[in-house]
2 protein chains.
Amino acid sequence: MENNQLKLENQICFKIYSAEREITKLYRNLLEELDVTYPQYLVLLVLWEEKSMTVKELGQKLFLDSGTLSPMLKRMEGNNLIERRRSLEDERMVIISLTKKGEDLKVKAQCIPSKLLENLSIDMKELKNLNQILSTILAKIQQKI
Amino acid sequence: MENNQLKLENQICFKIYSAEREITKLYRNLLEELDVTYPQYLVLLVLWEEKSMTVKELGQKLFLDSGTLSPMLKRMEGNNLIERRRSLEDERMVIISLTKKGEDLKVKAQCIPSKLLENLSIDMKELKNLNQILSTILAKIQQKI
DNA sequence: TAAAATTAAATTGCATACAATTTAATTTTA
DNA sequence: TAAAATTAAATTGTATGCAATTTAATTTTA
């Protein structure tokens, strides 16, 4: 009696794991021009929507903790993309905001989503479907935590 | 005119990125008993199917290069899960095989796929759907490379 | 067949991830 | 209100990932 469940090809999570890395590689090419990594690009996406935000809030949006964010934000500060300053009301908090350079990168980034989708060459119906299923999964996992 | 494409919530790839990490966290709990990480578990899955394999073949199955595999396999060797030996026919190649301990872990691993699916609590129809979409995406990306 | 090209792993360097701990500030509570 | 508990970031330590380079072995080619 074979155990098919332990076969690699039947591992749905392996597909997610592989797809994540392959897609990140596609992004790497597109983001080269902006000189940011994919996680850094996500930080920029958040800050382009909301001018400033604490490290904690950023972490809640991106599902990342300070162990990941602190050094990454330090690198982004070093590259002059963001500024970090302690909150005056509560000195425990660090407020992250965009520099002029970080703000201006948004223009260059406009084309990235469409280019990425073009690279993926997936049709809109499937895309919406995928989006919906992943949202469901994420919500279910998050709910458990 | 708002640019919705640059909004985080519309980033399908962010969902894949997040889902990958959340699922890996679920695995982390399940794999604790086996004392392996998720990528190490993937190596074991492959070796449980085929007794032995070169580093290159392993990399082709898992989409990982020697920069990732070499140190990981060294750690697994250190934990007595696998053995590494140079091929006699071609000394460039390193052949990876399971130790008794690595082979025996398969029994303990039997329950993991079902437990994981239970944690995900996604219905079979959605699962098959997700599987199909991700396979399509992976195939399209792979084809480009 | 000897030099050039190719190939398989390993190594180097950098950037995530994340658990666990530490530090400093704030809030709660006895 | 002073000690205890909580909270936000940073730090520490470990394990991926991956591009680029190096090393050693094999194959190709001039």
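Worth knowing before you read on, the calculation uses all heavy atoms, side chains too, and leaves out hydrogens, waters and symmetry mates.
- Minimum atom distance to the side chain of Pro71(A) is reached by dT11(D), of the listed dG17(D), dA25(C), dT11(D).
- Nearest approach of Leu31(A) to Tyr38(A), heavy atoms of both residues: CD1-CA, 3.6 Å.
- At dT14(D), none of the side-chain N or O atoms of Arg75(B) fall inside 4.0 Å of OP1 or OP2 (strictly under the cut-off).
- Atom C1' of nucleotide dA8(D) and atom CD of Glu91(A) are separated by 12 Å, given to the nearest angstrom.
- A straight line from CE of Met72(A) to P of dC18(C) spans 11 Å, rounded to a whole angstrom.
- For dA17(C), one of the phosphate oxygens OP1 or OP2 lies less than 4.0 angstrom from a side-chain nitrogen or oxygen of Tyr17(B).
- The CD-C1' distance, from Glu32(A) to dA20(D), rounds to 13 Å in whole Å.
- At least one donor-acceptor pair closer than 3.5 Å links the side chain of Asp65(A) to the backbone N or O of Thr68(A).
- A straight line from CG of Leu69(A) to C1' of dC18(C) spans 11 Å, rounded to a whole angstrom.
- Contacts of Glu89(B) with the nucleic acid, taken as non-hydrogen atoms under 4.0 Å apart, involve only primed sugar atoms and P, OP1 or OP2.
- Side-chain atoms of Met93(A) lie closest to dA8(D) of the nucleotides dA19(D), dA19(C), dA8(D).
- What separates CZ of Arg86(A) from P of dT23(C) is a distance of 14 Å, to the nearest Å.
- Between Arg92(A) and Asp90(A), at least one side-chain nitrogen of the basic residue sits less than 4.0 Å from a carboxylate oxygen of the acidic one, meeting the salt-bridge criterion.
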| query | Given Ile12(A) and Ile122(B), is the side-chain contact (heavy atoms from CB on, under 4.5 Å) satisfied, shown in steps? | reply | CA-CA 12 Å; Ile12(A) 177 69; Ile122(B) 181 178; over 6 Å; no
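- Contact annotation: Thr37(A) side-chain N/O to dT16(C) OP1/OP2 distance is under 4.0 Å.
- Without hydrogens or angle criteria, Glu22(B) side chain to Tyr17(B) main chain gives no donor-acceptor distance under 3.5 Å.
- With sequence neighbours excluded, the residues that form a ring-ring contact (aromatic ring centres under 6.0 Å, His included) with Tyr41(A) are Tyr27(A).
- For the pair Arg84(B) and dA10(C), the criterion of a side-chain N or O lying under 4.0 Å from OP1 or OP2 is met.
- Defined by atom type and a distance below 3.5 Å, a donor-acceptor pair is present between the side-chain atoms of Gln132(B) and Thr136(B).
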| request: Both distances under 3.5 Å, Watson-Crick or G-U wobble: on that basis, could you give the dot-bracket string for DNA chain D, with [ ] for crossing pairs and | for other-strand partners? | output: ||||||||||||||||||||||||||||||
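- Per the geometry, NZ belonging to Lys74(A) stands 17 Å off P belonging to dC14(C), to the nearest Å.
- Side-chain nitrogen and oxygen atoms of Arg28(A) include none within less than 4.0 Å of the OP1 or OP2 phosphate oxygen of dC18(D).
- For Lys25(B), no side-chain nitrogen or oxygen approaches OP1 or OP2 of dA17(C) to under 4.0 Å.
- Ser114(A) and Glu118(A) are not linked by any side-chain donor-acceptor pair at a separation below 3.5 angstrom, with hydrogens and angles left out of the test.
- A salt bridge links Lys61(B) to Glu50(B): one of the charged nitrogens lies within less than 4.0 Å of a carboxylate oxygen.
- Along DNA chain D, the nucleotide nearest Ile95(A) and the nucleotide nearest Arg21(A) are compared for position; the residue whose nucleotide lies closer to the 5' end is Ile95(A).
- Within residues 46-68 of chain B, the residues having any heavy atom under 4.0 Å from DNA chain D are, by residue number, Phe63(B), Leu64(B), Asp65(B), Gly67(B), Thr68(B).
- When the P atom of dA17(C) is taken as reference, atom CD1 of Ile23(B) falls 15 Å away, rounded to whole Å.
- In this structure, CG of Asp35(B) is placed 14 Å from P of dT14(D), rounded to the nearest angstrom.
- Of the possible polar contacts, none joining the Lys15(B) side chain to the Leu138(A) backbone as a donor-acceptor pair under 3.5 Å is found.
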